[in-house]
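The structure appears right after this line, and notes come after that.
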Amino acid sequence: MAVQRTLSIIKPDATRRNLTGAINQRFEEKGLRIVAQKRMWLTDEQAKQFYAVHAERPFYGELVDFMTSGPVVVQVLQGEDAVAKNREIMGATNPANADDGTIRKDFAESIEANSVHGSDSEDNAKIEVAFFFSETEIVG
Ligand code: IDP
Ligand code: MG
């Protein structure tokens, strides 16, 4: 294992319910460090580009609408095996299938409004981190 960085997004359903601190606590208590963070309201263009990999999926349009429905918090998490560790902390995409104690089990509203995004591979983490942050904004 090695120290990695991964991109996390606290989604609009969670910022609306004032859950930023509660979610950040999950990352920190499990050993991930928040080494960059900013709150922003994604434009339609940004959300479409970020989720371009899902452009052919039937839920793409709704996903873009959801992700632009309120503020998000984009952040870089750093730690040992951070990509896989964050996916564990997040839980399954559908909260109905998420393990106990995961963010999505405890906070998600639905398969779409599932509170957090996390990169799914080290390669995608690099691409996604660079989508939102310059190197000088990340302080490890
Ligand atoms: P992930 O976020 O667990 O990596 P992905 O399959 O990459 O899941 O899907 C990206 C996002 O698209 C999900 O987090 C969720 O917000 C939304 N999504 C995924 N599957 C569905 C679906 O079947 N209906 C509606 N939204 C979905
Ligand atoms: Mg994904």
Side-chain angles (χ1 to χ4, degrees):
M1 283 202 301
V3 174
Q4 295 177 334
R5 288 175 174 172
T6 190
L7 185 86
S8 168
I9 306 178
I10 301 178
K11 295 185 179 183
D13 68 288
T15 61
R16 178 170 44 78
R17 288 173 290 148
N18 213 20
L19 292 170
T20 299
I23 289 173
N24 280 346
Q25 190 176 1
R26 301 291 180 101
F27 300 137
E28 292 187 337
E29 70 192 11
K30 294 193 168 69
L32 294 179
R33 287 177 181 274
I34 301 161
V35 296
Q37 177 167 261
K38 59 190 169 193
R39 184 172 166 105
M40 55 196 297
W41 198 312
L42 297 181
T43 64
D44 202 56
E45 205 45 54
Q46 284 173 313
K48 279 182 177 152
Q49 213 187 320
F50 183 77
Y51 279 118
V53 61
H54 295 307
E56 303 308 320
R57 311 269 291 270
F59 56 81
Y60 178 65
E62 283 181 10
L63 177 60
V64 168
D65 287 348
F66 165 62
M67 290 300 290
T68 56
S69 68
V72 297
V73 177
V74 297
Q75 46 193 193
V76 181
L77 306 179
Q78 178 178 293
E80 280 290 323
D81 211 13
V83 174
K85 185 181 269 188
N86 184 39
R87 297 291 305 196
E88 264 178 49
I89 296 168
M90 290 163 60
T93 308
N94 186 345
N97 302 327
D99 288 340
D100 285 348
T102 61
I103 290 170
R104 284 167 164 174
K105 176 72 167 196
D106 292 343
F107 298 129
E109 295 182 321
S110 67
I111 190 171
E112 177 182 77
N114 58 4
S115 303
V116 280
H117 166 85
S119 306
D120 62 5
S121 69
E122 199 170 8
D123 284 351
N124 282 338
K126 290 200 171 89
I127 294 167
E128 292 181 357
V129 165
F131 187 87
F132 286 113
F133 294 96
S134 63
E135 268 305 313
T136 56
E137 292 177 302
I138 305 169
V139 183

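Sequential numbering from 1 along the given sequence is applied to the chain's residues. All ligand and atom numbering here is 1-based and tracks the order in the structure.
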Next on the checklist: With side-chain hydrogen bond (donor to acceptor under 3.5 Å, both in side chains) as the test, pick out the partner of E128 among S119, S121, S8.
Outcome noted: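 With E128 as partner, S119, S121, S8 yield a single side-chain hydrogen bond (donor to acceptor under 3.5 Å, both in side chains), made by S119.
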Checklist entry - Under 30°, 30 to 60°, or over 60°: which ring-plane class applies to F132 and F50, parallel, tilted or perpendicular? => result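 Tilted, since the angle between the ring planes falls between 30° and 60°.
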Checklist entry - For the side chain to side chain contact (heavy atoms under 4.5 Å, CB included) test, which of L63, V64, D65 pairs with M67? => result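 With M67 as partner, side chain to side chain contact (heavy atoms under 4.5 Å, CB included) holds for just one option, L63.
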Item to check | Shortest non-hydrogen contact between N24 and Q37, atoms and distance | outcome: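 Scanning both residues, the minimum pair turns out to be ND2-OE1, 3.1 Å.
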Next on the checklist: On a heavy-atom basis, which atom in P71 and which in R39 lie closest, and how many Å separate them?
Outcome noted: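 In this case the closest contact between P71 and R39 is CG-NH2, 3.4 Å.
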Item to check | Residues in the immediate environment of ligand 1 (any heavy atom closer than 4.0 angstrom) | outcome: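 Around ligand 1, where the cutoff is 4.0 Å for heavy atoms, the contacting residues are K11, H54, R57, F59, L63, R87, T93, R104, I111, E112, N114.
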Checklist entry - Using 4.0 Å as the upper bound for N to carboxylate O, is an ion pair formed by R57 and E112? => result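 Judged by the 4.0 Å cut-off on N to carboxylate O distance, E112 and R57 do not form a salt bridge.
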